[in-house]
Amino acid sequence: MSYHAPALRLGLWHRYIPGWREPAALLLVLGVMVLLGSGARQMLAPFVPAHQPEISLDPAALPLYTLRSVIRMLAALAASLLFTFTYATLAAKSRRAEMILVPLLDVLQSVPVLGYLSFTVVFFVSLFPGNILGPELAAIFAIFTSQAWNMAFSFFQALRTVPNDLDEASRSFRASAWQRFWRLEVPFAMPGLIWNMMMSMSGGWFFVVASEAISVGGLHIALPGVGSYVARAIEERNLAAVGWAIAAMTVAILLYDQLLFRPMVAWADKFRFEQTATQVTSKSWVLDLLRRSRLLHRLLHPLGRGVERAARARLALPARPQWLGGWSLPRSYGDPLWHTAVAALVLYIGWRLLRYAAPTLGWDDVATVVRNGGLTFLRVALLIVLASLIWVPLGVAIGLRPRLTQVVQPVAQFLAAFPANLMFPVAVVLIVRYDLSPRIWLTPLMILGTQWYILFNVIAGASAFPGDLREAAACFRVRRRRWWREVMLPGIFPYYVTGAITASGGAWNASIVSEAVSWGPTKLNASGLGAYIAQMTDAGDYPRIALGIAMMSLLVVGMNRLLWRPLYLFAERRTRLD
């Protein structure tokens with residue numbers, strides 16, 4: 001009895017006396033909450049457009065600026081996630097809603113950030129006169145428009161490619177639509193969605209300059225943040241300040257990678273679709289710390305139980321009204337009526353836009369926009385092909401090796417988050433010094449921030465590739481070329497299409513800031529639709545802004561309808577058959 005007494009006391013000590021993990025986990029959670037709260041509190045300060053606080057290039061101001069930028073991006077990411085769960089679900093579940101929502105998503109993706117700011121910044125500022133919350137919401141909305149679309153496309157693709165056997169199993173257990181959504185569809189989509197969330201967060205950095213240093217016509221707003229810091233550094237040709245901004249961004253990316261995305265990737269490993277047991281090697285010291293903290297577990301247990309009960313609730317759609325009985329509109333009549341209503345709505349919107357712009361515009365303006373649109377289209381198509389040839393094989397190699405994924409993930413996030421704006425000084429200096437053509441040598445800047453959509457989605461697809469299929473291919477000794485053609489490329493094809501379609505839309509968006517660049521007084525123009533929209537935005541010429549955005553939307557929607565949408569349907573059929 002006395003022999004076991006020390007061991008018993010030691011067990012009681014570990015059970016009731018917290019170790020180092022308890023205070024460490026609590027301090028980590030409280031520290032993050034205090035930081036986010038203090039940064040959010042700054043968003044409620046008074047605001048007078050004529051007397052805005054000056055953006056300081058002192059490196060000591062960068063920690064607060066970086067915190068403000070990260071909070072805006074996290075708020076936009078939360079809004080993007082809510083938008084994804086509602087919009088993409090409705091588009092995937094309703095055939096008639098898909099006819100409107102998917103083309104509309106193509107249009108929304110094609111509208112550049114400057115296009116949204118041109119027509120929404122005054123609205124948000126007028127919502128909260130005399131308060132900084134109005135410009136803050138305008139910046140968050142602009143960042144949202146650079147984050148939401150690829151997440152919605154990813155979730156839509158996942159919902160349409162849920163394996164039939166899993167769907168039939170959930171229905172055989174009589175799970176409601178609400179239960180299938182939270183217990184089957186969201187977990188199945190989670191690995192790809194998390195990688196697209198990381199890409200959205202990184203892509204937000206690309207447009208943070210345009211979002212925080214707002215310049216539309218005569219309205220100029222500079223919100224404290226890394227974006228406005230970079231904008232002033234470029235204006236004053238201060239290379240040292242640009243270097244400090246890069247350092248601050250690096251620290252921020254590493255922090256939210258360790259505190260947010262690395263734990264999410266490790267947590268999402270349990271949702272991988274496998275028929276054989278595989279060893280999960282994705283790890284996160286933050287997730288391990290939080291899981292081993294008994295104090296946090298007790299504090300958050302009621303919340304977790306509430307979320308679990310909500311996911312298991314047998315919620316259902318309202319019952320069909322009794323007065324309708326068994327009557328329903330035949331499909332042969334319902335579809336033509338629906339198509340007619342959609343066409344009438346599109347024609348009405350087009351007529352209103354034409355009526356607004358016609359008094360100002362002429363056929364010369366239309367010809368200019370068409371010519372510029374064709375030039376940008378050629379650049380986007382060429383860059384997507386080159387990015388696919390480079391990043392598809394590399395993404396597969398990374399995604400099939402979980403340990404390599406852990407190493408590459410933060411590096412890829414930093415490279416994806418690195419704003420092309422910071423490369424403008426180098427590009428301008430080299431082009432001017434060697435008398436190069438801006439039309440050619442400014443083109444690579446368009447793909448710097450958008451090529452990562454392809455890489456991240458291919459990594460997600462390769463990471464989610466079932467291990468039993470890889471083992472079967474190895475057992476049958478499938479050779480390399482056939483392995484790519486019949487095993488791996490079909491497996492990652494839905495993910496690649498999602499990455500390519502969002503990379504294409506992102507490249508169109510990036511043309512706004514890549515085809516017209518400056519470094520102090522030196523300005524270079526590569527011509528193209530992006531440069532046209534940027535020029536009209538600076539001039540506050542709203543009819544021509546609308547014309548440029550309309551042409552960009554037509555080109556993006558046409559490309560999606562003629563190329564990416566058929567590939568989507570092909571990938572969906574292959575997945576269903578498999």
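Heavy-atom basis, side chains included; hydrogens, waters and symmetry copies ignored.
Using a distance-only test at 3.5 Å, with no hydrogens or angles considered, a donor-acceptor pair links the side chain of S126 to the main chain of F123. A donor-acceptor pair under 3.5 Å is formed between the side chain of N457 and the backbone N or O of Y453. At distances below 3.5 Å, at least one donor-acceptor pair connects side-chain atoms of N196 with backbone N or O atoms of G192.
Taking each heavy atom of L105 and A152 in turn, the nearest pair found is CD2-CB, 4.0 Å. Across all their heavy atoms, A76 and I143 have their closest contact at CB-CG2, 3.7 Å. Among all heavy-atom pairs drawn from G461 and I492, the shortest one is C-CG2, 3.9 Å. Here the closest non-hydrogen pair linking D58 and Y229 is O-CE1, 4.2 Å. Annotation for I431 and P438: closest pair CG2-CG, 4.3 Å, computed over non-hydrogen atoms. Scanning all heavy atoms of the two residues, the minimum distance from A158 to A189 falls at CB-CB, 3.3 Å.
In this structure, the ring of W149 has its center no less than 6.0 angstrom from the ring center of F156.
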Check against side-chain contact (heavy atoms from CB on, under 4.5 Å), M197 and M264: CA-CA 10 Å; M197 289 172 64; M264 291 177 68; 3.7 Å; yes

From CA spacing to verdict: side-chain contact (heavy atoms from CB on, under 4.5 Å), L74, M201: CA-CA 8 Å; L74 289 175; M201 191 71 174; 3.6 Å; yes

Chi angles and distances behind the side-chain contact (heavy atoms from CB on, under 4.5 Å) call for T89, F155: CA-CA 8 Å; T89 302; F155 196 65; 3.3 Å; yes

Worked check of side-chain contact (heavy atoms from CB on, under 4.5 Å) between V242 and V230: CA-CA 6 Å; V242 172; V230 170; 5.6 Å; no

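Rounding to the nearest 0.5 Å gives a distance of 11.0 Å between OG1 of T368 and CG of L529. Rounding to the nearest 0.5 Å places CD of Q147 at 10.5 Å from CD1 of I140. The CD1 atom of I533 sits 9.5 Å away from the CG atom of N372 when rounded to the nearest 0.5 Å. Interatomic distance, OG of S94 versus CG of L101, reported as 8.0 Å (0.5 Å rounding). Rounded to the nearest 0.5 angstrom, E515 CD and L375 CG are separated by 6.5 Å. Rounded to the nearest 0.5 angstrom, L455 CG and I390 CD1 are separated by 11.0 Å.
Relative orientation of the F377 and W508 rings is tilted, given thresholds of 30° and 60° on the angle between their planes. Taking the six-membered ring for Trp and thresholds of 30 and 60 degrees, W351 and Y348 have ring planes inclined between 30 and 60 degrees apart.
Qualifying salt bridge (charged side-chain N to carboxylate O under 4.0 Å, His left out) partners for E236, counting only residues two or more places apart in sequence or in other chains: R232. Partners of S200 by side-chain hydrogen bond (donor to acceptor under 3.5 Å, both in side chains), not counting sequence neighbours, listed by chain and number: N150. Every residue two or more places apart in sequence or in another chain that forms a side-chain hydrogen bond (donor to acceptor under 3.5 Å, both in side chains) with S388 is listed here: Y496.
Using a 4.5 Å cut-off on side-chain heavy atoms (C-beta onward), T86 and L90 make no contact. In this structure, S511 and V380 have side chains that are not in contact, with every pair of non-hydrogen atoms separated by 4.5 Å or more.
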Which atom pairs, donor and acceptor, lie under 3.5 Å between side-chain atoms of residues 63-73 and protein residues at least two apart or in another chain?
unit_1: Y65; atom_1: OH; unit_2: S56; atom_2: N; d: 3.2
unit_1: T66; atom_1: OG1; unit_2: L62; atom_2: O; d: 2.7
unit_1: R68; atom_1: NH2; unit_2: E136; atom_2: OE2; d: 2.6
unit_1: S69; atom_1: OG; unit_2: Y65; atom_2: O; d: 3.3
unit_1: S69; atom_1: OG; unit_2: E212; atom_2: OE1; d: 3.4
unit_1: S69; atom_1: OG; unit_2: E212; atom_2: OE2; d: 2.7
unit_1: S69; atom_1: OG; unit_2: V226; atom_2: N; d: 2.9
unit_1: R72; atom_1: NE; unit_2: E136; atom_2: OE1; d: 2.6
unit_1: R72; atom_1: NH1; unit_2: E212; atom_2: OE2; d: 2.7
unit_1: R72; atom_1: NH1; unit_2: P224; atom_2: O; d: 3.0
unit_1: R72; atom_1: NH2; unit_2: E136; atom_2: OE1; d: 3.4
unit_1: R72; atom_1: NH2; unit_2: E136; atom_2: OE2; d: 3.0
unit_1: R72; atom_1: NH2; unit_2: P224; atom_2: O; d: 2.9

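For the ring pair (Phe, Tyr, Trp, His ring centres under 6.0 Å) condition, the pairs that include at least one residue of residues 87-108, sequence neighbours left out, are F83-Y87. The stretch residues 435-444 participates, sequence neighbours left out, in these side chain to side chain donor-acceptor pair (under 3.5 Å) pairs: R379-T443, R439-S527.
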